[in-house]
> 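Please read through the structure below; I'll follow up with questions.
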Amino acid sequence: MDLLRDTLNSKDKREDLTQKVFLRCMAITRNREEARDLAQETIMKGLERINQFDGRHLNAWLGMIAKNTYIDKTRKKTYTYTDKITKKQEKIARENLPGDLPELSQESHEEGILIGIDLEACIEKLEDEEREIIALLPVSSNDEMAEELEISSSNLRVKVFRVRNKLAECLEMAA
Amino acid sequence: MNDQDKILLSSYLDNSLSAEETKHIEELIGQDEAALNYLNNLKEINNRVNSYFEDSLNSKEAKEFGVFMDSLAEEKENPLIQSLKKFIFPQAILGYALSGLLFFNIGSIQYAGNSSEDNFLAEFSYGDPIVNSYLKYRGLDQDETDKYIKETLDQMVDEKIALAEITYGSQPYSIEIKEQLLNKNNFDCYEGSVISNQTAKTFLFCKSQDSSSLILN
């Protein structure tokens with residue numbers, strides 16, 4: 001059964017998938033342009049490899065493709081900068097590639113800008129899975145997300161709670 | 001308020017509690033000010049995070065991805081076009097004999113076929129699209145989208161180019177002429193699609209030497 005093809009041919013399902021894939025790619029890349037490119041590549045790879053899909057969780061399967069594609073790309077980028085690189089250096093490079101915060105001038109330290117930058121910086125500090133959870137929460141039901149992550153609903157509750165607490169701590173709010 | 005209550009307060013925001021749990025939490029926030037403050041703080045964080053990701057869904061990049069996804073759908077044909085085709089190509093209804101008689105009687109209409117296997121756009125180029133950009137003025141009530149789509153279609157037919165990308169204000173539109181439905185002397189009708197904002201519309205565009213007409217559905 002070609003679930004991906006069926007999903008693409010149904011307007012409602014396609015729109016739902018569009019949002020979820022884009023948000024997941026946003027969570028991975030933290031950059032809109034990179035998210036768009038990664039999302040498109042993910043769908044194209046999904047269509048090419050549809051025979052490898054076990055038919056269970058389409059979003060989770062596409063999420064895996066997106067992650068692997070991003071890791072491959074990041075690795076390539078890293079090797080562009082240096083011929084010989086240790087795993088530790090690669091990890092540091094990966095952490096610093098997208099979403100690096102620019103140094104702000106004194107004038108741009110306006111409250112509105114800072115709030116947005118703070119939140120981005122705090123989201124940046126989350127683990128990959130935590131970022132995905134928080135990105136997909138507005139467009140997924142808890143049951144759906146628990147099923148995709150292959151965890152129980154109560155476990156998901158704890159994870160969501162922890163992510164919110166981390167963000168609260170990061171934003172120095174007394175939650 | 002213990003840790004379990006804090007977890008339930010977080011889930012309360014997501015409407016994922018059972019009736020019993022909801023009752024417990026609503027009682028708790030009614031009695032315990034610390035619990036209410038905790039919930040309000042969580043709400044604030046949640047709103048900020050949601051708006052951060054929702055903003056990205058309204059971005060140009062998300063819309064471009066939406067257009068890409070729409071382009072992958074195997075579009076179902078618009079009922080208007082189907083009816084028109086049945087009228088122009090009555091084989092499906094009346095059979096080949098009757099359609100032969102019809103075409104014998106009405107003369108030498110060269111119709112462009114109703115089979116997607118026929119390539120009646122052979123003269124058209126699928127290479128670089130026509131790219132047009134139209135300014136949208138603030139305060140102008142009238143939406144001139146159709147006018148600019150029609151203008152671009154005129155250009156596409158004149159230049160025999162099947163694809164176009166236009167921008168009206170900040171809104172991008174992808175236009176594709178997919179099939180020629182009718183071709184008689186200097187009168188041509190084409191079917192195709194306009195994709196914008198994650199939605200695809202079907203058009204019927206007819207053009208003579210002096211004028212043209214667009215039905216967008």
Side-chain angles (χ1 to χ4, degrees), chain A residues 4-5 7-11 14-15 17-19 21-23 25-27 30-40 43-44 47 115-116 118-120 122-123 131 134-139 141-143 145-146 153-154 156-158 160-168 170-171 173-175, chain B residues 1-18 21 25 34-77 195 197-201:
Chain A
L4 179 55
R5 180 45 68 193
T7 303
L8 289 172
N9 287 338
S10 153
K11 190 171 180 284
R14 185 173 68 245
E15 283 174 2
L17 185 71
T18 301
Q19 290 194 338
V21 171
F22 187 82
L23 283 178
C25 291
M26 262 302 285
R30 286 89 82 195
N31 175 298
R32 289 174 182 176
E33 284 182 10
E34 282 190 59
R36 176 201 56 205
D37 295 346
L38 179 62
Q40 290 184 0
I43 295 295
M44 292 314 289
L47 286 168
I115 288 170
D118 282 349
L119 183 64
E120 270 188 55
C122 292
I123 290 172
R131 233 183 344 260
I134 212 78
L136 291 171
L137 260 183
V139 292
S141 71
N142 276 36
D143 287 346
M145 205 185 295
S153 294
S154 54
L156 179 68
R157 280 182 183 184
V158 176
V160 172
F161 163 72
R162 283 190 188 143
V163 179
R164 285 181 176 144
N165 253 6
K166 272 192 182 182
L167 288 173
C170 180
L171 293 164
M173 291 172 70
Chain B
M1 176 176 59
N2 56 32
D3 279 353
Q4 185 57 31
D5 288 334
K6 287 181 179 177
I7 294 169
L8 290 178
L9 281 164
S10 165
S11 303
Y12 181 69
L13 282 182
D14 305 323
N15 292 320
S16 63
L17 296 183
S18 67
E21 288 167 330
I25 285 303
L36 182 62
N37 289 338
Y38 185 82
L39 179 68
N40 285 335
N41 281 338
L42 283 183
K43 254 188 208 168
E44 195 186 327
I45 293 161
N46 202 38
N47 289 342
R48 284 168 64 177
V49 171
N50 286 357
S51 82
Y52 172 79
F53 285 107
E54 278 164 11
D55 281 354
S56 76
L57 280 181
N58 292 321
S59 67
K60 178 172 75 81
E61 290 80 9
K63 284 176 183 161
E64 284 166 353
F65 176 56
V67 171
F68 164 80
M69 291 288 273
D70 286 342
S71 73
L72 296 175
E74 290 159 356
E75 282 177 53
K76 291 200 169 45
E77 203 166 46
I195 299 173
N197 213 9
Q198 302 188 27
T199 52
K201 287 184 173 181

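Chain A is the first sequence line, chain B the second, and so forth, proteins listed ahead of strands; every chain is numbered from 1.
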> Any sub-3.5 Å donor-acceptor pair from A:R164's side-chain atoms to B:S10's backbone N or O?
yes
> Distance from A:L23 atom CG to B:E54 atom CD, nearest 0.5 Å?
8.5 Å
> Among B:S59, B:A34, B:G66, B:S51, which residue forms the greatest number of heavy-atom pairs with chain A at distances under 4.5 Å?
B:S59
> Among A:L38, A:V21, A:D37, find the residue that satisfies the side-chain contact (heavy atoms from CB on, under 4.5 Å) test when tested with B:F65.
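Answer to the side-chain contact (heavy atoms from CB on, under 4.5 Å) test with B:F65 among A:L38, A:V21, A:D37: A:V21.
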> For A:V160 and B:S11, what are the C-alpha separation, side-chain angles and deciding distance, and is it a side-chain contact (heavy atoms from CB on, under 4.5 Å)?
CA-CA 8 Å; A:V160 172; B:S11 303; over 6 Å; no
> Grab the two heavy atoms, one from B:M69 and one from A:L17, that are nearest each other, plus how far apart they are.
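Heavy atoms of B:M69 and A:L17 come nearest at CE-CD2, 3.7 Å.
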> CD1/A:I134 to CG/B:N46 distance, rounded to the nearest 0.5 angstrom?
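The CG atom of B:N46 is 6.5 Å from CD1 of A:I134, to the nearest 0.5 Å.
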> Less than 4.5 Å to any heavy atom of chain A: does that hold for the side chain of B:L13, its backbone, both, or neither?
side chain
> Show the nearest heavy-atom pair for residues B:A73 and A:R14, with the distance to one decimal.
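Heavy atoms only, the tightest pair is CB-NH1, 3.2 Å.
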> Check whether any side-chain heavy atom of A:L47 lies under 4.5 Å from a side-chain heavy atom of B:L72, and answer yes or no.
yes
> With distance as the sole test, does A:R157 use its side chain to make a donor-acceptor pair with the main-chain N or O of B:S16 at under 3.5 Å?
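Present.
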> Rounded to the nearest 0.5 Å, what's the gap from CZ on A:F161 to CG on B:L42? Could you check?
8.0 Å
> Which bit of B:L8 comes within less than 4.5 Å of chain A, counting heavy atoms only: side chain, backbone, both or neither?
side chain
> What part of A:L136 gets closer than 4.5 Å to chain B, counting heavy atoms only: side chain, backbone, both or neither?
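Looking at A:L136, nothing touches chain B.
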> In Å and rounded to the nearest 0.5 Å, what is the CZ to OH distance from A:R30 to B:Y52?
8.5 Å
> Can you check side-chain contact (heavy atoms from CB on, under 4.5 Å) on A:L171 and B:R48, steps first, answer last?
CA-CA 11 Å; A:L171 293 164; B:R48 284 168 64 177; 3.6 Å; yes
> Out of curiosity, A:L137 CG to B:N50 CG, how far, rounded to the nearest 0.5 Å?
7.0 Å
> Mind checking the CD1-CG spacing from B:I45 to A:L167? Nearest 0.5 Å is all I need.
6.5 Å
> Would you mind telling me which of A:S153, A:S141, A:A39, A:A27 has the largest number of heavy-atom pairs within less than 4.5 Å of chain B?
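Maximum pair count with chain B is reached by A:A39.
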> Which is it for A:R32 and B:D55 under the side-chain contact (heavy atoms from CB on, under 4.5 Å) test, yes or no, and what are the steps along the way?
CA-CA 10 Å; A:R32 289 174 182 176; B:D55 281 354; 3.8 Å; yes
> How close do B:E61 and A:R36 get, heavy atom to heavy atom, and via which atoms?
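Distance-wise, the nearest heavy atoms are O-CG, 3.5 Å.
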> Identify which part of A:I123 has an atom lying under 4.5 Å from any heavy atom of chain B, answering side chain, backbone, both or neither.
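The answer is the side chain of A:I123.
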